[in-house]
Structures are given as structure tokens and as C-alpha cells.
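To start, the structure itself, in C-alpha cells.
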Amino acid sequence: QVQLVESGGGLVQPGGSLRLSCTASGSIFTTYVMRWYRQAPGKQRELVASITNGGSTNYADFVKGRFTISRNNAKNTVYLQMNSLKPEDTAGYCCNADLIVSRTWSRADYWGQGTQVTVSS
């Protein structure tokens, strides 16, 4: 069984920073791409950033220059450093991992439960 658990969300003022973490645990053989998504009330879920196990990254245009995704492969953990936060960044943020389960050798996407980020003065 595989679990993804996020942490680090909260309330921050505009211009502030937060760092999200997401750790995958369980019977994991290897983890490929890890991603952060977000969804605001009444809006569709959108991809924020992704990172491969080799460290290649991609960002949505609306976070380029402000957010940084990184990972620790040994810990199966992905991070999202969010700087210069704006009210429009308010959303539930969740992580996603493309991985292989060691007991079954099956490859699938797993999702965390999400963490809320609220940017408000």
C-alpha cells in the first residue's frame, strides 16, 4: 500500500512564502515523475509543477519565477517552495507521484489528500 502525505500549507499574507512537502511511503520500488496540482473553489484542477527523478522540472506559466519544485529521491519526497505568493494562489494543493509498487511491480499514479494554501491580508 502506498500513501502520499502533504504538509506545509497555511495562511500567509500576499508577498509571503510557504514550503509544501509531500512524502510517499509504503511498498515503493521507484518513483518517476512527481507533480504538484492545485484546485481553487469553482475552478478546475491545474498542474503547478513537475519534476522527474533525474531532476528535470517544468512549471506552469503562472508560477514561473516564483515557485520552485525539488525532490529528495532517497526520501521519496517532493517539495514546493512558493515565494511572492498572491491571493490568486489560494487553493488546495495536492501532490501526485508516478511510481512502481514493489510488491506487485505495477505502475500507477498516486495522490495525496491535499493541503490548503490561503493567501490573504
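A donor-acceptor pair under 3.5 Å links the side-chain atoms of E6 to the main chain of G114, judged by distance alone. Not a single donor-acceptor pair under 3.5 Å links the side chain of S50 to the backbone N or O of R35.
Taking each heavy atom of S120 and P14 in turn, the nearest pair found is C-CD, 3.6 Å. Counting all heavy atoms, side chain and backbone alike, L18 lies closest to L85 at N-CD1, 3.9 Å.
T23 has its side chain out of reach of L4: every pair of non-hydrogen atoms, C-beta onward, lies at least 4.5 Å apart.
Of the inter-residue distances, the one linking R107 atom CZ with D98 atom CG reads 4.0 Å to the nearest 0.5 angstrom. Note that CG of N76 and CD1 of I28 are 4.5 Å apart. Values are rounded to the nearest 0.5 Å. Atom-to-atom distance recorded for I69:CD1 and M34:CE is 8.5 Å, nearest 0.5 angstrom. The CG atom of L80 sits 5.0 Å away from the CG atom of L20 when rounded to the nearest 0.5 Å. The distance from the OG atom of S56 to the CD1 atom of I51 is 8.0 Å, given to the nearest 0.5 Å. Note that CD1 of I100 is 15.5 Å distant from CZ of R103, once rounded to the nearest 0.5 Å.
Annotation for Q116: atom CD counts as buried by contact number, over 12 foreign heavy atoms lying within 6.0 Å.
Linking ILVMFWY side-chain heavy atoms closer than 4.5 Å, directly or via other members, places V63 and V33 in two distinct hydrophobic clusters.
Screening residues 87-121 for ring-ring contact (aromatic ring centres under 6.0 Å, His included) gives F29-W105, Y37-W111 as the qualifying pairs, with residues at least two apart or on separate chains. Residue pairs meeting the side-chain hydrogen bond (donor to acceptor under 3.5 Å, both in side chains) criterion with at least one partner in residues 12-22, sequence neighbours excluded, are S17-N83. Identified under the ring-ring contact (aromatic ring centres under 6.0 Å, His included) test for residues 59-82, with sequence neighbours left out: none. Residue pairs meeting the disulfide bond (SG atoms under 2.5 Å apart) criterion with at least one member in residues 48-94, sequence neighbours excluded, do not occur. Screening residues 44-55 for salt bridge (charged side-chain N to carboxylate O under 4.0 Å, His left out), with sequence neighbours left out, gives R38-E46. Sorted by first then second residue, the salt bridge (charged side-chain N to carboxylate O under 4.0 Å, His left out) pairs that include residues 66-83, not counting sequence neighbours, are R66-D89.
Side chains of N72 and T77: a donor-acceptor N/O pair is absent below 3.5 angstrom, by distance only.
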